[in-house]
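The figures that follow rest on heavy atoms only: side chains count, while hydrogens, waters and symmetry mates do not. Because the structure is a prediction, the values reported are computed rather than measured.
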Amino acid sequence: MEHDLHHQAQIDAFLSDGYTIQRTGDDDANQSIAEKLYSFNLKHFPEDLKGRYEEITLTLHDAMGEIRGGLVGEICWNWMEVKILMVDEDLRGGGHGTRLLQEAERIATGRGCDFIKLDTLSFQAKGFYEKHGYDVFGTLDNVGRDHRHFYMKKDL
């Protein structure tokens with residue numbers, strides 16, 4: 001009981017200082033927060049890495065022009081992060097994922113990146129990435145209760 005009263009007093013003090021917390025899906029708010037963190041981070045990186053941010057999107061199209069897969073990532077300072085690599089299920093095993101990943105690696109190498117990092121779930125593509133030279137550097141258990149999250153890296 002005493003702990004709950006202390007906790008409520010902390011919340012009341014926080015809310016009385018004029019600051020509020022709001023939940024929003026606003027893109028402008030997201031960009032503002034990201035820019036503030038980016039500005040802070042810039043203070044801690046060498047000059048030659050400042051201003052190195054580039055979004056990368058590669059798309060796989062069929063003969064009709066429909067997007068059937070792709071890769072979404074970003075170059076940030078001295079690395080590339082692959083956020084999404086996806087190929088439609090009926091096309092998997094045909095080399096399209098390999099081609100997308102190799103193109104991303106080519107771009108990263110050309111931009112002077114030292115490594116690529118990405119993550120995948122245990123039911124997704126860990127073996128695929130290992131086949132392409134990626135190593136696990138961290139895991140998180142109990143993802144969706146039954147799965148593992150693998151964090152992977154490849155030095156370029």
Side-chain angles (χ1 to χ4, degrees), residues 10 14-15 17-62 65-89 91-156:
Q10 286 179 319
F14 175 75
L15 294 176
D17 69 358
Y19 293 93
T20 62
I21 296 175
Q22 301 173 9
R23 183 176 179 179
T24 179
D26 184 355
D27 288 339
D28 290 338
N30 294 348
Q31 185 168 347
S32 174
I33 294 164
E35 286 174 2
K36 288 173 186 276
L37 178 60
Y38 186 77
S39 293
F40 171 80
N41 290 347
L42 279 177
K43 297 174 190 176
H44 301 277
F45 282 89
E47 281 298 317
D48 67 312
L49 295 179
K50 291 184 178 179
R52 283 184 42 98
Y53 179 82
E54 179 182 355
E55 293 180 358
I56 305 293
T57 303
L58 305 173
T59 53
L60 172 67
H61 296 262
D62 65 15
E66 183 179 341
I67 294 176
R68 301 294 306 275
L71 182 144
V72 176
E74 61 189 23
I75 292 173
C76 190
W77 295 302
N78 64 320
W79 72 85
M80 176 185 277
E81 181 168 356
V82 174
K83 295 179 174 252
I84 299 170
L85 173 57
M86 190 285 306
V87 174
D88 284 351
E89 283 188 70
L91 297 178
R92 292 180 189 164
H96 303 293
T98 295
R99 289 177 34 227
L100 287 163
L101 190 58
Q102 288 173 341
E103 179 61 13
E105 291 174 358
R106 187 191 67 73
I107 292 168
T109 300
R111 301 291 196 283
C113 293
D114 296 324
F115 62 93
I116 296 180
K117 66 179 183 167
L118 53 83
D119 60 87
T120 190
L121 296 170
S122 53
F123 60 87
Q124 291 178 327
K126 179 178 175 264
F128 168 80
Y129 293 120
E130 288 174 328
K131 182 174 87 172
H132 291 289
Y134 289 77
D135 295 311
V136 173
F137 68 86
T139 60
L140 183 62
D141 294 327
N142 196 30
V143 175
R145 295 195 186 106
D146 297 327
H147 306 289
R148 294 179 83 189
H149 203 136
F150 296 98
Y151 299 89
M152 304 181 82
K153 176 187 171 198
K154 179 179 180 178
D155 291 324
L156 299 174

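For the side chain to side chain donor-acceptor pair (under 3.5 Å) with His149, the qualifying choice from Asn142, Asp119, Thr120 is Asp119, the only one to do so. Under the side-chain contact (heavy atoms from CB on, under 4.5 Å) test applied with Arg148, the options Leu121, Asp141, Leu140 reduce to a single match, Asp141.
Residues meeting the ring-ring contact (aromatic ring centres under 6.0 Å, His included) test with Phe40, sequence neighbours left out: His44. Checked against salt bridge (charged side-chain N to carboxylate O under 4.0 Å, His left out), Glu55 has no partners two or more places apart in sequence or in another chain. For His61, the ring-ring contact (aromatic ring centres under 6.0 Å, His included) test picks out no residue, with sequence neighbours left out.
Atom-to-atom distance recorded for Thr24:OG1 and Ile33:CD1 is 8.5 Å, nearest 0.5 angstrom. Atoms CD1 and CG, from Ile84 and Leu118 in turn, are 12.5 Å apart once rounded to the nearest 0.5 Å. Here the CG atom belonging to Leu42 is positioned 9.0 Å from the CD atom belonging to Glu47, to the nearest 0.5 angstrom. Lys126 contributes atom NZ, which lies 14.5 Å from atom NZ of Lys131 (distance to the nearest 0.5 angstrom). Atom CD of Glu66 is separated from atom CZ of Arg68 by 6.0 Å, given to the nearest 0.5 angstrom. Rounded to the nearest 0.5 angstrom, Leu60 CG and His96 NE2 are separated by 5.5 Å.
The minimum heavy-atom distance linking Leu71 with Ala104 is given by the pair CD1-CB, 3.7 Å. Residue Glu105 comes nearest to His132 through the heavy atom pair OE2-O, 4.3 Å, listed as atom of the first residue, atom of the second, then distance. When all heavy atoms are compared, the tightest approach of Trp77 to Leu49 is CD1-O, 2.8 Å. Shown here for Leu100 and Leu58, the closest heavy-atom pair between the two residues is O-CD1, 3.7 Å. When all heavy atoms of Ile75 and Cys113 are compared, the closest pair comes out as CG2-SG, 3.8 Å. When every heavy atom of Ile67 is checked against every heavy atom of Asp88, the shortest pair comes out as O-OD2, 4.3 Å.
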Trace of the side-chain contact (heavy atoms from CB on, under 4.5 Å) decision for Phe150 with Asp135: CA-CA 9 Å; Phe150 296 98; Asp135 295 311; over 6 Å; no

Run Gln124 and His147 through side-chain contact (heavy atoms from CB on, under 4.5 Å) and show every step you take. CA-CA 10 Å; Gln124 291 178 327; His147 306 289; over 6 Å; no

Determine, stepwise, if the pair Val72 / Met86 fulfils side-chain contact (heavy atoms from CB on, under 4.5 Å). CA-CA 9 Å; Val72 176; Met86 190 285 306; over 6 Å; no

Given the rule in the side-chain contact (heavy atoms from CB on, under 4.5 Å) test, do Arg52 and Glu54 qualify, once you have shown the distances and angles that lead to the verdict? CA-CA 7 Å; Arg52 283 184 42 98; Glu54 179 182 355; over 6 Å; no

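Between Trp79 and Phe45, the ring planes are tilted. Angles from 30° to 60° get that label.
Taking the ring centre of Phe137 as origin, the terminal cationic atom of Lys153 falls outside the region bounded by 6.0 Å and 45° from the ring axis.
Inter-residue side-chain proximity for Tyr134 and Ile116 is flagged as met; some heavy-atom pair is nearer than 4.5 Å. Side-chain contact check for Lys117 versus Tyr151: every heavy-atom pair is 4.5 Å or farther apart. Counting heavy atoms from C-beta outward, Met80 and Arg111 have side chains that stay 4.5 Å or more apart.
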